[in-house]
Amino acid sequence: MAEIAGITIRALAEKYGTPLTVYDEGKIRSILSSYRDHFTSEEFETGVLYASKAFSCKAIVKLIQEYGMYLDVVSGGEIYTAVQAGYDMSKAFFHGNNKTPAEIEYALENRVGTFVVDNVQEAELLQEFTKDCGYQVHTLLRVNPGVEAHTHHYIVTAHVDSKFGISFVNEDEIVQAVNLLKNSPNIVFDGFHAHIGSQIFDRNAFGEEIRKLFEFAVILKEKYGTEISTLNLGGGFAARYTDADAPIPTDEVCRFILETCQNEKQRTGVNITRILIEPGRSIVAEAGCTVYTAGFTKKTPNKTYVFVDGGMSDNIRPALYQAEYDAFIDGKETEPAETEYTVAGKCCESGDILIQAIRLPEVKRGDRIVMKTTGAYGYSMASHYNKLPLPAVVFVNEGTDRLVIQRETYEHMTALEE
Ligand code: LLP
């Protein structure tokens, strides 16, 4: 019988029901410590932001606060969650390609420390909104260095036609935005932000990004007389979903990034003093799993299906990105995996397949199917399709479990309906 941090999956399923998202809190803590300990440098001031889009709730924000880390928020809702968690909002970075006026006001009311400005129009709006905001708002400008990281095309964010940031090919626009930010009394312009994609295995993609950013900092300095202090390199560090995945270990990726930055600083001579990164997935993905209960099975000429009590409503990633996952049957870990199953959800959609093909021991109705590495972009991208209630989320640590998000009820789902 499998355990998570000293509690059996069976006990968790009996106590909280299924589908259930379970996080091993100790694993999150050890990854946070690892980023904190390894993303340090004698040359630069450094900082790690947790990209809360990967999994946002009060409990995780409190952990981020406990570890003294920065927070990346992309919407009024993520700001609200952080405020509710008691997070020090001066350490929050507000991202997004289309922040609404209401969200900008809300962020300023809550004294969000840094805005990551996406385009010239946002710079104009921010200039207007900060006139009487009562504090100095730090800003980074999101630029697009045009680095293609080899990942799913929906997740790539820095190609030339990306909806995010201003591309290096539009140098005039970058300069226009920088000047707007520099010439606003309540705005401090710190530097650039870029994010080149997600689930990146190849360190050279980050190396390329860093080189391009330093080279652009040279252009800004020499051609336009503007110096910057900060580069935020974004997130994108891969997680291990199946045996085929070999992410770069956290300590190595941290070292590689900071060494590359140091080399580029020497090569280009620009005086960057602060380097930030903002991992999301790599902090929470592997610490989480989803426990489902097996329902009916079905044989077709070419497949054996096992149906589970959740599906694309709690994990859209297989349907949206053809993402692959590993799973096991709780209590049958040592039985021979003789049958190839297709693990399908219960939504009314043929594409609601969680795992296309996986060898498992014979699955019986009532078995607990545990899908691994579901901690990032699972719950956060969940939907109410077919009016399936969102699962409960539990943190387990050193033999203690605690509910961090209640299971949704039918009443919750209709509470806003007239
Ligand atoms: N910073 C920015 C500006 C981002 O856009 C993202 C992710 C991150 C940081 C964090 O990236 P991470 O370290 O988690 O790769 N829903 C997709 C992933 C979308 C990522 C969007 N941006 C998925 O489930 O694979």
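Every number for a ligand or one of its atoms is a count from 1 in the order of the listing. All residue numbers in this chain count up from 1 along the given sequence.
- Judged by the 6.0 Å distance and 45° axis criteria, Lys182 is not positioned over the aromatic ring of Phe189.
- Checked by distance only, ligand 1 and Gly197 stay at 3.5 Å or farther apart across all their nitrogen or oxygen atoms.
- Looking at His193 next to ligand 1, no N or O pair under 3.5 Å apart turns up.
- Between Met89 and Ile79, the closest heavy-atom pair is CE-CG2, 3.7 Å.
- Between Arg203 and Glu252, at least one side-chain nitrogen of the basic residue sits less than 4.0 Å from a carboxylate oxygen of the acidic one, meeting the salt-bridge criterion.
- Residue contacts with ligand 1, taken as heavy atom pairs separated by less than 4.0 Å, involve Asp72 solely via side-chain atoms from C-beta onward.
- Closest non-hydrogen pair, Pro145 versus Ala194, comes out as CD-CB, 3.8 Å.
- Between His95 and ligand 1, a contact under 3.5 Å exists for no N or O pair.
- Glu171 meets the salt bridge (Lys or Arg N to Asp or Glu O under 4.0 Å) test with Lys223; sequence neighbours excluded.
- The closest side-chain donor-acceptor pair between Asn315 and Thr374, if any, does not fall under 3.5 angstrom.
- Using a 4.0 Å cut-off between charged side-chain N and carboxylate O, Glu25 and Arg402 make a salt bridge.
- Proximity of Arg281 to ligand 1, defined as any heavy-atom pair under 4.0 Å, is shared by backbone and side chain alike.
- Less than 4.0 angstrom separates some heavy atom of Gly236 from each of these atoms of ligand 1: 11 (O), 12 (P), 13 (O), 15 (O).
- When the options Tyr377, Phe55, Phe93, Phe237 are ranked by their closest heavy atom to atom 19 (C) of ligand 1, first place goes to Tyr377.
- Within the 4.0 Å heavy-atom shell around ligand 1 one does not find Ala54.
- Salt-bridge annotation for Arg368 and Asp330: present, with a side-chain N of the basic residue lying under 4.0 Å from a carboxylate O of the acidic one.
- The contact set between ligand 1 and Gly235, taken as ligand atoms under 4.0 Å from a residue heavy atom, comprises 9 (C), 13 (O).
- Here Phe164 has no heavy atoms under 4.0 Å from ligand 1, in either its backbone or its side chain.
- Between Ala51 and ligand 1, a contact under 3.5 Å exists for no N or O pair.
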Acceptor/donor pairs from residues 206-214 side chains to any protein atom, 3.5 angstrom cut, sequence neighbours excluded:
none

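- Nearest residue to atom 4 (C) of ligand 1 from Lys53, Met381, Glu278 is Lys53 (criterion: closest heavy atom).
- Both the sub-6.0 Å distance and the 45° axial angle are satisfied by Lys99 relative to the ring of Phe94.
- Every N/O-N/O distance between Ser282 and ligand 1 stays at or above 3.5 Å.
- Of the N or O atoms in Arg142, none lie within a sub-3.5 Å distance of an N or O in ligand 1.
- The distance from ligand 1 to the heavy atoms of Pro279 drops below 4.0 Å at these ligand atoms: 13 (O).
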